[in-house]
Amino acid sequence: MQNFAWPNDLFYIQAWSLSIEEWFYLNFPVLALLFGSILVKQVGKKYTLLTVIAFYIVVSNLVRILMLAFSDTSIIAMHQTTVFRLDSIMYGVFISWLFTFYKDIVASNAIRYCLFSIPILLLAVLLHLKFVLVAHPSESAFTLELLLTPVAFCLLLPYFIFKEFKVPKVVHLFVTIVSIVSYSVYLNHYFVLISVWPHFQPVSAIQGIGMFLLLCIAILLVSIVQYKLIEEPFLKLRDRRVL
């Protein structure tokens, strides 16, 4: 509840997205059943689910725009507030919907989607830079970025799912390790940053880049340890069959 309908609390600050995730898992089945009770007989299960997906995406974006236009709530507060970000996971659900019902079409057009995603992703990056680097950041730009970024990554996904890649073993090993411990990285990165940052203040770009790389290595090592000691044992418990 720490960021349900208000700005995120400083306690365990990076967990703001966990609240969004858990609330999504709670309310999505309820809304899906509600929409299903009304629409399934008319349009079938496939398009009922698509209606629910569209509802989440349209309503969330519309609410953010209206709040920005007619209230004093900032987009900084909204982007980590659960009720304003319930569309976040729905973009992934939409991709899953496409893969389920139109897999062949998606696979055959994966390269086109990838090429189309590049300008959208670049625009999202430019909007982000405009928000974080200028003296008077544009909240409207950041609002649009919250829509464009997940759309761009959704368009990228088919290419990386359906295309076979041949990479050196070292690259494959590195990507595999990072993928496995990515959740631990998410949990740990902020604690490593606040522990190390006060003791290192770079005075040049080279020092800043070097410090960034060292921080990445430190976060990765801490996350690997946490994964081996905590996450992996619990995953084994989860996967174990109990008669």
Side-chain angles (χ1 to χ4, degrees), residues 3-5 16-71 73 75 78-125 127-128 140-164 179 182-183 238:
N3 60 316
F4 177 73
W16 64 269
S17 61
L18 287 180
S19 295
I20 296 170
E21 184 179 349
E22 297 306 326
W23 275 102
F24 177 86
Y25 293 150
L26 287 171
N27 62 61
F28 173 57
V30 175
L31 276 179
L33 288 172
L34 179 61
F35 274 74
S37 66
I38 301 170
L39 295 177
V40 165
K41 291 183 179 180
Q42 285 76 27
V43 300
K45 293 181 180 180
K46 179 171 72 171
Y47 292 108
T48 296
L49 181 55
L50 182 61
T51 303
V52 178
I53 293 170
F55 175 82
Y56 269 85
I57 293 175
V58 171
V59 170
S60 292
N61 280 279
L62 185 60
V63 167
R64 288 196 293 266
I65 293 170
L66 292 175
M67 288 294 291
L68 191 63
F70 299 107
S71 79
T73 304
I75 193 63
M78 282 191 280
H79 107 280
Q80 292 186 354
T81 302
T82 300
V83 294
F84 299 122
R85 297 300 308 277
L86 289 174
D87 62 318
S88 304
I89 303 175
M90 191 54 78
Y91 297 96
V93 176
F94 176 60
I95 285 295
S96 180
W97 183 87
L98 285 175
F99 286 178
T100 300
F101 297 109
Y102 300 99
K103 183 177 180 180
D104 293 339
I105 295 176
V106 174
S108 62
N109 290 281
I111 295 179
R112 293 187 182 92
Y113 298 150
C114 181
L115 293 174
F116 188 61
S117 73
I118 293 174
I120 299 176
L121 190 58
L122 288 175
L123 178 57
V125 171
L127 290 172
H128 185 74
S140 299
F142 193 47
T143 306
L144 182 58
E145 180 197 340
L146 292 178
L147 170 64
L148 294 181
T149 302
V151 168
F153 278 100
C154 281
L155 290 169
L156 277 172
L157 273 176
Y159 179 77
F160 290 97
I161 289 174
F162 293 112
K163 181 175 174 57
E164 294 184 1
S179 300
S182 60
Y183 187 67
R238 179 198 67 182

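Quick note: numbers below take in every heavy atom, side chains included, and nothing from hydrogens, waters or symmetry partners.
Between the side chain of Ser37 and the main chain of Leu34, a donor-acceptor pair closer than 3.5 Å is present. With Trp97 contributing its side chain and Tyr47 its backbone, the two residues share no donor-acceptor pair below 3.5 Å. Distance alone, capped at 3.5 Å, places no donor-acceptor pair between the Asp87 side chain and the Ser60 backbone.
A distance of 7.5 Å separates CG in Leu86 from CD1 in Ile20, rounded to the nearest 0.5 Å. Interatomic distance, CG of Leu50 versus CG of Leu98, reported as 8.5 Å (0.5 Å rounding). A distance of 6.5 Å separates CD1 of Ile75 from CZ of Arg64, quoted to the nearest 0.5 Å.
Partners of Thr100 by side-chain hydrogen bond (donor to acceptor under 3.5 Å, both in side chains), not counting sequence neighbours: none found.
A donor atom on one side chain and an acceptor atom on the other are not found under 3.5 Å apart for Asn109 and Tyr102.
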Steps toward side-chain contact (heavy atoms from CB on, under 4.5 Å) verdict (Phe142, Leu146): CA-CA 6 Å; Phe142 193 47; Leu146 292 178; 4.3 Å; yes
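Applying the 6.0 Å contact sphere to NZ of Lys45 captures no more than 12 heavy atoms from other residues, nucleotides or ligands.
The aromatic rings of Tyr56 and Phe28 lie perpendicular to each other, with more than 60° between the two planes, well past the 30° mark. The aromatic rings of Phe4 and Trp23 sit tilted, their planes meeting at an angle between 30° and 60°.
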